[in-house]
Each structure stands twice: as structure tokens, then as C-alpha cells.
There are 2 protein chains.
Amino acid sequence: MSEEYATDDGRPHGSLAHRVPDLGALELLLAVARLGSLGAAAREVGITQPAASSRIRSMERQLGVALVDRSPRGSRLTDAGALVTDWARRVVEAAAAFDAGARALRDRRDSRLRVAASMTIAEYLLPGWLLALHAERPDTAVSLLAGNSAKVAELLLDGEADLGFVEGLTVPAGLDSAVIARDRLIVVTAPGHPWARRGRPVTAQELAATPLILRERGSGTRQVLDAALGGLARPLIELSSTTAVKASAVSGAGPSVLSELAVGEELAMRRLVGIPVEGVPLRRDLRAVWPTGHRPTGPARELLSLTRG
Amino acid sequence: MSEEYATDDGRPHGSLAHRVPDLGALELLLAVARLGSLGAAAREVGITQPAASSRIRSMERQLGVALVDRSPRGSRLTDAGALVTDWARRVVEAAAAFDAGARALRDRRDSRLRVAASMTIAEYLLPGWLLALHAERPDTAVSLLAGNSAKVAELLLDGEADLGFVEGLTVPAGLDSAVIARDRLIVVTAPGHPWARRGRPVTAQELAATPLILRERGSGTRQVLDAALGGLARPLIELSSTTAVKASAVSGAGPSVLSELAVGEELAMRRLVGIPVEGVPLRRDLRAVWPTGHRPTGPARELLSLTRG
DNA sequence: TGAGGACATAAGCTGGTCTTATGAGCGAGG
DNA sequence: CCTCGCTCATAAGACCAGCTTATGTCCTCA
């Protein structure tokens, strides 16, 4: 009876969706924060003022916190409202990235710019780039195909993609490339692991001697690690997705090695901690690739320049 | 009648909420990914199988992409579905952080653990810690009060908070402290800024000589920067919130100096780029604080240990 | 060949959110 | 001093999305 009503399950969480306002409400809150008026915010998101009023009110009831100070000449956020708005902004940004990705995924054919990307890049970086591209060139429709390096190369060489992104150690034959960023692999453990408390860095020998939670052989991450250790990484468990590896590491099964792109959230939330390592070059280049000779032009060139800042 | 059924992207955007599935649907998708069955996923989120089936189907219609392969003996994600699920996970995680924060904000008084935190910590780190705490001690109700260092000190000394978090250079009098993390300040510009393309790092002299977009004097970030430069930071614009500073920097108004906690998203999305700097110690300690003598115990001790991993 | 699991379809109910219409404070200007 | 213009609040009805129950189809396994 500590929780709400019909959640007899009593499990981890009684459905976030019932406790977190929906995206429309969060967007509305951001608009109120920016514009300082319920009515103006309502206009911006395309609803009427009473609807906005009611929606903000019901959000306040749901959260149990006053979010805005209403006055006859405008509405300002309360202190708590400012904090909630910042958290809301993060949710909305994640949703915008979701949307940018989904939009690219939808436009499978006949799009002006067809991008092929490896999974890690498609998952963690591309949505952000697509948002930036959309901001600069709203008319450019982008389509996205995801696969491993070989698949990306094949799509480019077959003329089914205009620009590719890969994260391997080598550039597939027949492609030109440009390094757009460097990714670092990080050794991580759950906070309770002995490595999390020792003072000195882990050495290459220790890392090679310790069974690790890893992606399967052939994955980009595994390739880099094997190369760095001289082909010696010992698997404790082999899993086929980054997500599964993370979940296993968080649960305390053992140390793992993952891209810093993949574990940013877990590190911030202290579900995982990064372990310093010495003597192991755990870096890899992230590259844009295109068929030799076909220098990117038009939207592809634009996207490429965005990725390099 | 809404005038916008044609989703043609001729405008900034036609409301995310209409193009991104709601949180319930995203949670359902995650459950399907994990359990490999619509029915099992439905059971987990507390709805019936037909409801789940319909909901996934309408999400696929909305996104225009097939997400799951249904078969008479279960459902597996398609390739696109796996990617969408990963993006969905990020939205759900942001929502979970929102919920953890809002929950703490709601329980203003009479909670078992009352935390006071500076804005940056409350905004970027605390929700994650609260999630972790909730996972380990689901019954502990936490309340949150946010303010600057002086406010945090006051709350602790008045007995109105059990544990505090501050980010200043000094520890307020009457408090004991422990360093829980180090925050790095980063020089950032919009991708188009000249600094984004030059090869060599910016020097302390250059930084001190360049007008910057900054928080107001007295903010923790500004204090650290002034100290690092010898009190010389020149403001181009002074703004009163980190969000406003970020927005201004993204728009290309000039270089800025911000906490790495605050700009992670912007860096990943390439809306901002980090500029290497040499000869300037842009680090600051993030500290947990408590009244001298009152060593944290119980839930406070638990939370403290989580923050240190 | 029949049991059981998994998903799809159909029909009806419910609740939340929208709309329009209207009222009520506060400030500015004729 | 009164009215206009801005703000937000309230009320009553329409509508739609999503839920439930009941049933049908397909596949696999014993």
C-alpha cells in the first residue's frame, strides 16, 4: 500500500508512463519556461490556452509540486519548476533524437541522402547529427541503413548508400575515408567490484589475464580489444549486443570493456565505474567512408562537415 | 479539425509528441525486446495481450517501420527494431531520471533522507544516484532541496537536510566534506567558430583575452574560471542559467566555458565542440558535505557510498 | 490429432484531452 | 474613471486512443 492503486505486482517500478507526464506535456512546459506565458506556449504547441492551463495543472497534480507561478501578467517557473524543466529537457532531447533516427529509418528508398552506419554509430551518434542536419537543411530527407563494416562497404559499392560510417580498425577496400572522431574503450565494472576501489591502474597483463564480459568475436569492440592485448582477451561471457553486455556488467558479473559512447549514462548514474588502465591503447578511429573517387557532395558533404564540427 | 495530417517537414517541427510514441509504448517495446514475446511483455507492463499487440502495431504504423517479427512461437525484433529499441531505451532512461528527481522533489518534508544539492549536481547527477539508491533501498523516501552552496550549508546547519552536495572551490564553514567526483570545465564553441578548426590548444592568455559567454559572477562555474585565470575572465554576455549559456553558445555567439556535465549531450550531438586548452587548471571538486561531527549514517551513508562507486 | 502457446480480430466501454464559451484579475491609456 | 487588452481559470460537451473481454487462426510438440 506504499504505492499507488492497481499495481499488485509490486515490482521494480509501477510503470513510468503513469508517473511521468507525456511528451506533449513536457514540451508544453519547456515552451512555458521559454516564453513566460501559458497562452503563448499554448499557441506555440498548437493548442488553446485552456488546454495548456489544464495540462500544466494536471502535471502539477501528478508530480505533487507547483511548477509555475501564475500571475495576471504572465507565468514564471518556480524553483522546483526550473529543476523539473531541466530534467524534462533531457527527456525531450532524447525523444528528438529518437524521432530523427526513426525518420531516417522510415525513408528507406528514394531519399536524397542515404547513410549506412555501423551499429554503435547509428545508435549513439547519428541521431544527434541528423538533428543538426535537419536544423540546417530541413528539406533533406535522410535514410539510414545499419550493419557491420562489411555491410556498409557493400552498400556503398553497390550504390545503395551515399555516405557510410564505420568504427573498425581498418578501412574496407575500395573506400576512401576520413577520421571524424576517436572512440575510447573503457574498462568498467559494477561499483562493488574490487577493481573499483584499488588505487593503481590495471595493467595490460592483468586485463589479459582476467575473464571479461565481451561482445562476440568479430564485433568492432572485440577486434580493438584483441588487437590491443595481442589477441589475448579472455571471455567470461560472450554476448551479442552491447546492451546485454552492459546489463551483465551492471549486475556485477565481472569487468567489461565497452565504448565510452555506450556507457556514458551508466557512468553518470554510477551503475558502472570506469577503471584506469595503463599500457593498453584502447582507442579506435570512427571514420566516414565513401567509394574511392566519389568525394561526398551536397547533403553528404554537409553531414560530413557536421560530424567534424 | 487539426490542419496538420500531412507530416511534410516544411516547418521547424510539428510537435514531437505526435511523431514519437508515448512512454508506455516505449516501455512496452523494451519489454518485448527483453522477453521475446508480446504476451509476456503485456503481462509485465500490466495490460492484456491484445492491447500490447495493438499498441506495437500502431507504433509501427506511426514510425513507418516494422519493429518486430511475429511468429506463432514468439516475437523477435527486426534489425530496425533493435535500433529503435536502443533509441527508445535512452528516452525511457531520461524519463526514469525525471521520475526519480520529481519523486524526491515531491516529498518535501518528513522524508527519511533529506538531500540538499547545488543546482548543477541536482540537475545532472542526483537523478542517477537516486535511481541507484531506489534500486537498493526501494523503501527509502528521499526529498530534495536545491540551492547554492550557502543555501546548502544553511539547510544542513539548521537540521533541515541530512546530506548536502556542493561544487564550489571551498567548503562552507561548519561542514565536513568528502570529494565524490571531479568536474572538468570545458571550453566550447559552436562548430563554426575559428577555434573549432585550429590545430593547437588555446592558451591561458588567449582565453583570458577573449570575451566569453558566462554565467553571472558568483556562480560556481564562474568562480572556478576566474580563479584559474587569475580573476581575469572577460564576459561577452552574462546569463543567469546554464541552459541560457548553452543556447547562446550553440547559436554561435562566441566561446563559453561550461561543466562537462552540462554539455555532454551537446558535444555528442555536435551542437558544440570542445576546444583543447593548455595551462589552465579547469577542474573542480564535487563534494558531499554534512555538519561537522554528524557523520552520515543510514540512508545518507548509503547514498554517499553510491556516489563514490 | 488434439493441447497449448502466441498473435490477430472484433465490439464495446472509459477516460483523458481537446474544443468553444465565458468569467475574473490586473495594468495602461484616453 | 472606464474600457481595452493582456493574463489565467472554469464549465460543458465532443472526440479519440487505448483498454478489456471474447473469439479465431496458425504453428509446434507430444
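Whole-Å rounding puts the A/Glu60 CD to D/dC8 P distance at 12 Å. Rounded to an integer number of Å, the gap from CE of B/Met59 to P of D/dG18 is 11 Å. Distance CZ (B/Arg76) to P (D/dC27): 20 Å, rounded to an integer number of Å. When the C1' atom of D/dT10 is taken as reference, atom CG of A/Leu38 falls 14 Å away, rounded to whole Å. When the C1' atom of C/dG16 is taken as reference, atom CD1 of A/Ile47 falls 13 Å away, rounded to whole Å. To the nearest angstrom, C1' of C/dG25 lies 16 Å from CG of A/Asp69. Rounded to an integer number of Å, the gap from CZ of A/Arg55 to C1' of D/dA9 is 18 Å. In this structure, B/Leu23 places its CG atom 16 Å from C1' of C/dG16, rounding to the nearest Å.
At a cut-off of 3.5 angstrom, the base of C/dA8 holds at least one donor-acceptor pair with the side chain of B/Gln49.
Note on B/Ser54: nothing from the nucleic acid sits closer than 4.0 angstrom, heavy atoms only. Residue contacts for B/Asp22: at a heavy-atom cut-off of 4.0 Å it reaches the sugar-phosphate backbone alone, with no base atom in range.
Taking side-chain N and O atoms only, A/Arg70 has a distance below 4.0 Å to OP1 or OP2 of D/dA9. Phosphate proximity of C/dT19 to A/Thr48: present, with a side-chain N or O under 4.0 Å from OP1 or OP2. At least one side-chain nitrogen or oxygen of A/Ser37 sits closer than 4.0 Å to the OP1 or OP2 atom of D/dC8. Of the side-chain N and O atoms in A/Ser53, none sit less than 4.0 angstrom from OP1 or OP2 of D/dC8. Contact check, B/Ser71 against C/dC7: no side-chain N or O comes under 4.0 Å of OP1 or OP2. In terms of phosphate contacts, A/Arg57 brings a side-chain nitrogen or oxygen within less than 4.0 Å of OP1 or OP2 of D/dA9.
Listed nucleotides C/dA8, C/dC18, D/dT28 differ in distance to B/Arg73; the shortest reach to its side chain belongs to D/dT28. You'll find that the side chain of A/Pro50 is closest to C/dT20, out of C/dT17, C/dC7, C/dT20.
Within the 4.5 Å cutoff, the side chain of B/Ile56 has heavy atoms near those of the B/Val32 side chain.
The pair B/Asp99-A/Arg19 counts as a salt bridge, with a side-chain nitrogen and a carboxylate oxygen less than 4.0 angstrom apart. The pair A/Asp22-A/Arg55 counts as a salt bridge, with a side-chain nitrogen and a carboxylate oxygen less than 4.0 angstrom apart. Here B/Glu123 does not pair with B/Lys246 in a salt bridge; the nearest charged N to carboxylate O distance is not below 4.0 Å. A salt bridge does not link A/Arg217 with A/Glu238: every distance from a Lys NZ or Arg NE/NH1/NH2 to an Asp or Glu carboxylate oxygen is 4.0 Å or more.
Place A/Pro72 and A/Ala51 on DNA chain C by their nearest nucleotides, and A/Ala51 ends up nearer the 5' end.
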